[in-house]
J.: 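My questions all concern the structure below.
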Amino acid sequence: MSLESERFGDPVFREFFTEKEVILEERRLRTDNSALGKMIEAFQDSAFQEHPYGRPIIGYEEDIRNLTRQDVEEFFATYYVPRNLTVAIVGDVKLAEVKR
């Protein structure tokens, strides 16, 4: 929990440009170089024109290429906030210890 609070409270976006290339490669493998991937993306785009399901989870190539570090920081600051987080604690734990 301590590590997670640091990660959310003071994020560090290391290797941003390297990871961007990894995401583009993943998109190429799963969608751009796959007949099935292209078909699924076209189907979802057509079936969900007014709903977020129509957008691919990994994103469109153009969006990924144009993504800036500032875009990522703004997205994180907007959506990765305490009111949007859920924590699940499982196992043989003592409630008092977890709260502490």
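Everything numeric here is computed off the predicted structure, so don't read it as measured data. These numbers come from the heavy atoms of this one structure, side chains and all, not from hydrogens, waters or symmetry mates.
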J.: Between the side chains of Asp32 and Lys38, is the shortest nitrogen-to-carboxylate-oxygen separation below 4.0 Å, so that they form an ion pair?
T.: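 Judged by the 4.0 Å cut-off on N to carboxylate O distance, Lys38 and Asp32 do not form a salt bridge.
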J.: Aromatic rings Phe8 and Phe76: how do their planes relate, parallel, tilted or perpendicular, breaks at 30° and 60°?
T.: parallel
J.: By side chain to side chain contact (heavy atoms under 4.5 Å, CB included), which residues pair with Phe75, not counting sequence neighbours?
T.: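 Result, side chain to side chain contact (heavy atoms under 4.5 Å, CB included) vs Phe75: Tyr79, Tyr80.
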J.: Tell me, yes or no, whether the heavy-atom count around Ile89 atom CD1, taken from other residues, nucleotides or ligands under 6.0 Å, exceeds 12.
T.: yes
J.: Donor-acceptor pair, distance only, cut-off 3.5 Å: does the side chain of Asp10 make one with the backbone of Glu6?
T.: no
J.: Indicate yes or no for a side-chain donor-acceptor contact from Arg69 to the backbone of Phe13 under 3.5 Å, with no hydrogens or angles considered.
T.: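 Yes.
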J.: More than 12 heavy atoms of other residues, nucleotides or ligands under 6.0 Å from CG of Leu85: is that the case?
T.: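 For Leu85, atom CG is crowded (more than 12 foreign heavy atoms under 6.0 Å).
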J.: Once side chain to side chain contact (heavy atoms under 4.5 Å, CB included) is applied, do any residues pair with Arg30, and if so which ones, sequence neighbours excluded?
T.: Glu26
J.: Is the side chain of Asp45 donor-acceptor paired with the backbone N or O of Ala42 at a distance under 3.5 Å, no angle test?
T.: no
J.: Ile58 and Ile64: which non-hydrogen atoms are nearest, and at how many Å?
T.: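 Nearest pair, atom of Ile58 first, then Ile64: O-CD1, 3.5 Å.
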J.: Which heavy-atom pair separates Thr31 from Gly37 by the least distance, and what is that distance?
T.: CG2-O, 3.9 Å
J.: Atom CD1 in Ile40, atom CG in Leu36: separation rounded to 0.5 Å?
T.: 4.0 Å
J.: What closest approach, in Å, do Arg27 and Glu61 show between heavy atoms, and which atom pair accounts for it?
T.: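 Smallest heavy-atom distance, with atoms named: NE-N, 3.5 Å.
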J.: Could you give me the CA-CA distance, side-chain angles and deciding distance for Tyr60 and Glu41, then say whether side-chain contact (heavy atoms from CB on, under 4.5 Å) is met?
T.: CA-CA 10 Å; Tyr60 294 106; Glu41 186 171 280; 4.1 Å; yes
J.: Could you tell me whether Glu4 and Arg7 make a salt bridge, using a distance below 4.0 angstrom between a side-chain N and a carboxylate O?
T.: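 The answer is yes: the pair qualifies as a salt bridge.
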J.: Do you know the tightest heavy-atom contact between Thr78 and Arg83?
T.: O-NH2, 4.1 Å
J.: Using the rule that Ile, Leu, Val, Met, Phe, Trp and Tyr join whenever any side-chain heavy atoms are under 4.5 Å apart, tell me whether Val93 and Val87 fall into a single cluster.
T.: yes
J.: Determine whether Ile57 and Ile23 fall in the same hydrophobic cluster, where Ile, Leu, Val, Met, Phe, Trp and Tyr are linked whenever their side-chain heavy atoms lie under 4.5 Å apart.
T.: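 Each belongs to a different hydrophobic cluster.
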